Amino acid sequence: MSRYFTDEHEWIDVDGDIATVGITDYAQEQLGDIVFVELPAEGAKFDKGDDAAVVESVKAASDVYAPISGEVVEANAALEEEPALVNSDPEEDGWFFKLRIADTAELEGLMDEAAYRKFVAGL
Amino acid sequence: MTTPSDVLDTAPDSDAAGSVPEKLPLDAWHRTRGGRMVAFAGYDMPIQYEGIMAEHSWTRSHAGLFDVSHMGQIGFTGEDVDAALETVLPGDILGLKTFRQRYSLLLDEEGGILDDLMVSRRPDDFYMVVNGATKYEDIGWLREQLSDDITINHMEDQALLALQGPEAGVALASLIPATADLYFMQCGPFVWQGHDLWISRSGYTGEDGFEISVPAEAVEALADALCALDQVKPIGLGARDSLRLEAGLPLYGHDIDTAVSPIAADLGFAISKRRREQGGFIGHARIARELAEGAPSRRVGLTIEGRLPAREGAAIFLGNDRIGTVTSGGFAPTVGAPIAMGWVETAHAAIGTVLDVEVRGKRLAATIAPMPFVPHRYHRLKPGA
């Protein structure tokens, strides 16, 4: 399984044709206390860059974009009960949704972990 | 993901402020303490240090220190200055005793709210604290309305700190024992390490607390001394906003502005009986009319069902009819649920009325609720005490 990152601070784990998507530790740190996550419905289809989810922190609502095109096969039900999981474990248990990847070529432009950490360090 | 640079809505402030935010006297102090700085009211200010939720609950259980030096501190002197101020303020200024503070408003000719403020009578002047985003317009307006016999002194060399929370009294008294004698809305001069301070027992969180006017050159030492106390931590603008929303206190430029009058805004308490009857202040005609006939819409509190916050701008519906708008809203840490403040048509403004709020195309049930959402815990002087 390999992990990719976007410059919009999302991470994508790819396992076969399924991609698990979440936001990075840097992103949750910037957002602050998360009180609600609005997740996409199973079966929703997104093009890369579409609004896919909304994260509500105490102060503001932020959109999460689909980092690649695909169809939602599962949303993380645990976030409904415990949205703060995104703060406490953003890059594992705090995942947002899983997509069936429409076009693996879209992964090519994304960063690997080392490149993303460097990108964040330069912000 | 959208980056949270828009995390604090500064809509009415950012235009007036120009492009490069100014630095407040505590700028470096905030950064050293890990404050995340954002532009607000024309200044770089800390939105949070460790996190809004933690800072919010710290203030509700201990004492939080807020830098509010962006606010305008203004002195007024001159013959019959109290009578002069009554022409621009709807409150009872003639009856305001020395060392007492009162909430008041600046109104335009149509009775719309130009700003909300605190005013106190001091031995040698009247002292006013106005909002940071509006202070220059306020001073211009006041200069225009008041005669040249009244001197207006914008105290730009004074910083302003707010110490808020149930342990604020104990904390401040450990540095300045005489502050223990102040009750809510009382104020007076104090000396700390040779620096002259002006302190009122008041604030914007619903908790007991103080607002401390301190010379800019001494503010860092005072902030350090306060934060060295076990009870005190620095608190950012984010928690200041969630605390005041829970306390039911309006935010100028969001919940109140020139489009609305004090009666509709449920701020009628700021207009004394004598002044309602006699008038003699700018905007009185509308006040008199709305007192007699009522206002077409009202500022109300709303509790939102579920966990999804309804924020500023969300439309309020009764069935298919749009009857209002949310003007402030968010997750309320102490309440543990989303709450909002907004404006609805008066016919549908009764406590307990169930309405809908629309968030991203979804309708959420919202109930008109009494404010404050969290009870005020002011250190009041008991009648007869």
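So that the names make sense, note that chain A is the first sequence line, chain B the second, and so on, each numbered from 1. Small disclaimer: the values here were computed from a predicted structure and weren't measured.
- Only the side chain of A/Glu38 comes within contact range of chain B, judged by heavy atoms closer than 4.5 Å.
- For the set A/Val35, A/Asp51, A/Asn87, A/Thr24, the count of heavy-atom pairs under 4.5 angstrom toward chain B peaks at A/Val35.
- Counting non-hydrogen atoms of neighbouring residues, nucleotides and ligands closer than 6.0 angstrom, the CZ atom of A/Arg3 exceeds 12 such neighbours.
- Proximity to chain B is limited to the side chain of A/Pro83, based on heavy atoms less than 4.5 angstrom apart.
- At a threshold of 4.0 Å, the pair A/Glu80-B/Arg307 does not count as salt-bridged, since none of the basic side-chain nitrogens sits closer than that to a carboxylate oxygen.
- To the nearest 0.5 Å, the span separating OG on B/Ser69 from CG on B/Leu161 amounts to 6.0 Å.
- A salt bridge between B/Lys23 and B/Asp44 is present, with a side-chain N of the basic residue lying under 4.0 Å from a carboxylate O of the acidic one.
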